[in-house]
There are 2 protein chains.
Amino acid sequence: MEKQHNLSKNQKIIFDLIDKSRGPMKAYSILFNVQKKGIKAPLQVYRALDKLVEIGKIHKIESRNAFIACQNSSCQISKATAFSICESCENVSEISNSKLSKYLSNFSDNSGMKYNKYNLEFFGLCKKCKSK
Amino acid sequence: MEKQHNLSKNQKIIFDLIDKSRGPMKAYSILFNVQKKGIKAPLQVYRALDKLVEIGKIHKIESRNAFIACQNSSCQISKATAFSICESCENVSEISNSKLSKYLSNFSDNSGMKYNKYNLEFFGLCKKCKSK
DNA sequence: CTTGTAAATGTTATATTATTACATAGTGTT
DNA sequence: AACACTATGTAATAATATAACATTTACAAG
C-alpha cells in the first residue's frame, strides 16, 4: 500500500535505508551505508534528504541533526510534526495525537503572525530507561 | 532587576552580546564579535553558550543553529520553550503564552514516557513579510 | 520524435558547526 | 594549605552542510 513510485533512484535508496533503520539516522552514517550502492558524496545524500523532507517521507529531528522515516501514513507534508525523544537511549518516536496537532495547528497569539508549520520535540525518559 | 552576577567573564561577554543583538546569533558570528575582547577560539564560545543555555539565560533555536537571549524573565531553566520564526526575514521571538505552556507541560500520551522538557518552533510569515 | 525544461545526478572543493584532548588558572570552601 | 569545582587557553580535528559547475534523465508540449 506504500507509495513511493515518484522517488528517484538515490531518493529511494536513501529512503529505504532510513525506513528500515530502528532509529533516526545521521547524514554521514547514511552516506557510509549507501556507498556500496554508488552514492559517494555528501551532497548526493543531502539532496535526497532535502527532497524526502519536502515531500514528507522523512522528518528531521532538529535537536539531533538526524532523520527518521515518517511514521504517520497520513502525513504528506512535514508541516506539523511532534516527536518524543528519550534523553538516555536516544529513542525517538513520532507522536500522532489528533488533539495535540489540532491544538497546535490552530494556535495563534497576538503577534499578527500566521503559522503554517510547527515542529515540537518532547524530551524525557522512556519506559525502559526510567526503570533502570 | 536583571541578575547576572554569577556569570563568569566569558559568559558575561557572550551573554551581553547576544542580549543586545536584535535577533538570534550564530556561534561563529559571536566568535567574530568577541575576538576584540580576547575570546579567540570556538571552544571558548561553545563553553559559554552551553552554560548559558543550561541556566536558561539563552535558548538555542535548533532549526537555525542560533542562540537568542531569554525574553521571559521568569524562565530560569530552558525546559519549556516556544518560538515563532519568520521564514522570510528570519525574525525570531519567544512565545510566552501560559495556556500553551500549561498545555504542553501537562501533555502526556500512552507511550509511558514522562516528558520533562520540550521545545516548540512555529514557522510562518511575520506581519511585515506577509504584507510584502 | 525532437525540443524545451525541470528535476536529478556526479564530482570536487569548501564552508559551517561543534568537540576532543590536554594544560593552566581562578574561586570558594574546610 | 589542601581540596574540589568551575572556568579558561590553545591546538587540532571531527561532524554537519553547502557552493559551484558539468552532465544526464524524465517527461510534457509542440
Side-chain angles (χ1 to χ4, degrees), chain A residues 3-18 21 23-68 77-78 87 90 92 119 121, chain B residues 3-18 21 23-68 77-78 87 90 92 119 121:
Chain A
K3 293 189 227 169
Q4 61 188 67
H5 52 272
N6 284 327
L7 298 187
S8 72
K9 181 171 135 281
N10 289 359
Q11 289 159 16
K12 188 162 173 5
I13 291 170
I14 286 170
F15 174 72
D16 285 346
L17 176 66
I18 297 172
S21 152
M25 292 194 76
K26 303 200 143 219
Y28 277 71
S29 155
I30 292 168
L31 175 58
F32 178 82
N33 276 278
V34 297
Q35 275 176 333
K36 45 184 170 279
K37 305 227 173 185
I39 296 176
K40 293 181 207 158
L43 190 49
Q44 294 176 290
V45 173
Y46 281 104
R47 283 196 284 224
L49 290 173
D50 285 350
K51 187 69 185 182
L52 291 167
V53 166
E54 187 192 321
I55 64 179
K57 299 285 291 179
I58 65 173
H59 304 300
K60 182 171 187 181
I61 310 300
E62 293 287 357
S63 66
R64 299 298 187 260
N65 297 319
F67 300 84
I68 193 172
I77 293 182
S78 300
E87 289 183 298
E90 292 293 326
V92 173
N119 179 54
E121 298 181 3
Chain B
K3 293 191 229 171
Q4 63 188 66
H5 53 273
N6 284 328
L7 300 186
S8 73
K9 179 171 136 278
N10 288 0
Q11 288 160 16
K12 187 163 174 4
I13 290 170
I14 286 171
F15 174 72
D16 285 347
L17 177 67
I18 297 172
S21 150
M25 293 194 75
K26 304 198 141 218
Y28 277 71
S29 153
I30 292 168
L31 175 57
F32 178 82
N33 277 277
V34 296
Q35 275 176 334
K36 47 184 170 276
K37 304 225 176 189
I39 295 175
K40 294 182 207 158
L43 188 50
Q44 294 175 292
V45 172
Y46 280 104
R47 282 196 286 224
L49 290 174
D50 284 351
K51 187 68 186 183
L52 290 167
V53 166
E54 187 191 321
I55 64 179
K57 299 284 291 181
I58 65 173
H59 305 301
K60 182 171 187 180
I61 310 300
E62 294 287 355
S63 66
R64 298 300 186 259
N65 297 317
F67 300 86
I68 193 172
I77 293 181
S78 301
E87 289 183 298
E90 292 293 327
V92 174
N119 179 54
E121 298 181 3

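Throughout, protein chains are lettered first and strands after them, A, B, ... in sequence-line order, and every chain is numbered starting at 1. Computed from a predicted model, the values in this text were never measured in an experiment. What's counted below: heavy atoms across the whole structure, side chains too, no hydrogens, waters or symmetry copies.
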How do A/Gln11 and B/Tyr46 order along DNA chain C: which one's closest nucleotide is nearer the 5' end? A/Gln11
Minimum heavy-atom separation for [X] to [Y], with atom names?
X	Y	result
A/Ala48	A/Ile14	CB-CD1, 3.6 Å
A/Ile68	A/Pro24	CB-CA, 4.4 Å
A/Asn10	A/Gln44	ND2-NE2, 4.1 Å
A/Arg64	A/Glu87	NH2-CG, 4.3 Å
A/Lys57	A/Phe15	O-CE1, 3.4 Å
A/Ile18	A/Met25	CA-SD, 4.2 Å

Drop me the distance from A/Asn119's CG to B/Asn119's CG, to the nearest 0.5 angstrom. 8.0 Å
dist A/Gln11:CD -> A/Ile58:CD1 (nearest 0.5 Å) comes out at 10.0 Å
Test salt bridge (charged side-chain N to carboxylate O under 4.0 Å, His left out) applied to B/Arg47 - qualifying residues, sequence neighbours left out: none
For the helix from C/dC1-D/dG30 to C/dT30-D/dA1, how many degrees between its two end axes (five pairs per end), to the nearest 10°? 30°
Donor-acceptor pair, side chain of A/Glu121 and main chain of A/Glu62, under 3.5 angstrom: yes
Side-chain donor-acceptor distances from residues 29-37 of chain B under 3.5 Å, at least two apart:
unit_1  : atom_1 : unit_2  : atom_2 : d
B/Asn33 : ND2    : B/Ser29 : O      : 2.7
B/Lys36 : NZ     : B/Asn33 : O      : 3.3

Leading and trailing nucleotides of DNA chain C with any atom under 4.0 Å from heavy atoms of chain B: C/dT17 to C/dA21
Using a heavy-atom cut-off of 4.0 Å to chain B, what are the terminal contacting nucleotides of DNA chain D, in 5' to 3' order? D/dA7 to D/dA11
By nearest-heavy-atom nucleotide on DNA chain D, the more 5' of A/Lys26 and A/Arg47 is A/Lys26
Within residues 32-44 of chain B, which residues have any heavy atom lying less than 4.0 Å from an atom of DNA chain D? B/Lys40, B/Ala41, B/Leu43, B/Gln44
Would you call A/Ile55 and A/Lys51 a side-chain contact if the rule is heavy atoms closer than 4.5 Å? yes
